[in-house]
Every structure is written in C-alpha cells, then in structure tokens.
Peer 1: 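Here's a structure for you.
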Amino acid sequence: MLECSPSVEATYQAAMDRLTPAERIARGMAMLDWTRRWIGRQIVAEHGPLPAERLQLEIARRLYHGEPATCRLIDAAIAGLHTDVPD
C-alpha cells in the first residue's frame, strides 16, 4: 500500500471532515456503484455477455464471497434463472 505524506493525509482528512452526512453517503454510494460496474466488466471479460439479472447475481456473488449463507441464496437464485442468453 502506498504511504501518503502527512500533509496529503491531513488535507484529505480535512476535506472528508467538511462533508455533510448526505455528501458522505452520496460518496459511498458512488464508490459502490463504481465497484459494481468494475466487477461487472471483469465478469463479462471472463465469461462473455450475460443476461442483466444473471450479471447482477454474479456481481453480488463476488461482493459477498466471504458470507457463505448469502452465497447459497445467490446460487439458488442463479439456479432458478431460465436462460443464459443475453437480453
């Protein structure tokens, strides 16, 4: 991991401290959206085009890979899909 200089870290922390709660939530949601899109591009690169619902479930599987109970639910949902043909 890259080490930031104290002045860079202090500047970043000061900027984060100025955010309102709504801005913090919006920032977190934007980061989550970016992460989902990035994972989606990885999955499509590895497996080719997938139907939108299947892609969403595959993204969720990667996001929750450390939670076995959640992965079982996702796998059950994937098994219940009727097609692997892109929309």
Side-chain angles (χ1 to χ4, degrees):
M1 186 170 162
L2 293 175
E3 293 291 326
C4 292
S5 71
S7 63
V8 171
E9 182 62 28
T11 301
Y12 171 79
Q13 194 57 52
M16 293 297 100
D17 291 345
R18 286 192 300 273
L19 294 177
T20 67
E23 290 169 330
R24 287 175 190 246
I25 290 171
R27 181 179 170 86
M29 293 301 294
M31 292 171 69
L32 179 59
D33 180 59
W34 180 89
T35 301
R36 285 180 175 152
R37 287 184 285 116
W38 179 68
I39 291 170
R41 287 189 301 271
Q42 284 183 326
I43 291 169
V44 169
E46 293 169 9
H47 303 286
L50 297 170
E53 186 176 9
R54 173 69 185 258
L55 182 58
Q56 285 180 321
L57 290 168
E58 293 292 346
I59 291 168
R61 180 192 275 157
R62 290 218 184 155
L63 286 171
Y64 294 101
H65 74 275
E67 299 183 31
T70 303
C71 287
R72 284 191 296 274
L73 291 171
I74 294 167
D75 290 340
I78 289 171
L81 295 177
H82 298 291
T83 180
D84 280 335
V85 179
D87 292 13

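For the numbers below, each heavy atom of this structure counts, side chains included, while hydrogens, waters and symmetry mates do not.
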Peer 1: Roughly how far apart are Gln56 CD and Ile78 CD1, rounded to 0.5 Å?
Peer 2: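 Reported to 0.5 Å precision, the distance equals 11.5 Å.
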
Peer 1: Under a single-linkage rule joining Ile, Leu, Val, Met, Phe, Trp and Tyr whose side-chain heavy atoms are separated by less than 4.5 Å, which residues share a cluster with Ile25?
Peer 2: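 Noted: Ile25 shares its cluster with Met29.
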
Peer 1: For residues 36-46, which side-chain donor-acceptor pairs fall under 3.5 Å, sequence neighbours excluded?
Peer 2:
residue	atom	partner	partner atom	Å
Arg37	NE	Asp33	OD2	3.0
Arg37	NH2	Asp33	OD2	3.4
Glu46	OE1	Arg62	NH2	2.4

Peer 1: What do you reckon, is NE2 of His65 surrounded by more than 12 foreign heavy atoms closer than 6.0 Å?
Peer 2: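 Check fails, neighbour count at 12 or below.
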
Peer 1: Identify each donor-acceptor pair in which a side-chain atom of residues 69-76 lies under 3.5 Å from a protein atom, sequence neighbours left out, and give them as a table.
Peer 2:
residue	atom	partner	partner atom	Å
Thr70	OG1	Glu67	OE1	3.4
Asp75	OD1	Arg61	NE	2.9
Asp75	OD1	Arg61	NH2	2.4

Peer 1: Which pairs with one or both residues in residues 18-31 pass side chain to side chain donor-acceptor pair (under 3.5 Å), sequence neighbours excluded?
Peer 2: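 Listed by first then second residue: Thr20-Glu23.
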
Peer 1: State plainly whether one hydrophobic cluster holds both Ile59 and Leu32, where clusters connect Ile, Leu, Val, Met, Phe, Trp and Tyr through side-chain heavy atoms under 4.5 angstrom apart.
Peer 2: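 No, no single cluster joins them.
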
Peer 1: Please list, chain by chain and in numerical order, all residues satisfying side chain to side chain donor-acceptor pair (under 3.5 Å) with Thr35, sequence neighbours excluded.
Peer 2: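 For Thr35 there are no side chain to side chain donor-acceptor pair (under 3.5 Å) partners, ignoring immediate neighbours.
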
Peer 1: In the hydrophobic clustering (ILVMFWY, side-chain contacts below 4.5 Å, transitive), which residues join Met16, or is it alone?
Peer 2: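 Hydrophobic cluster check, Met16: joined to Tyr12, Leu19.
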
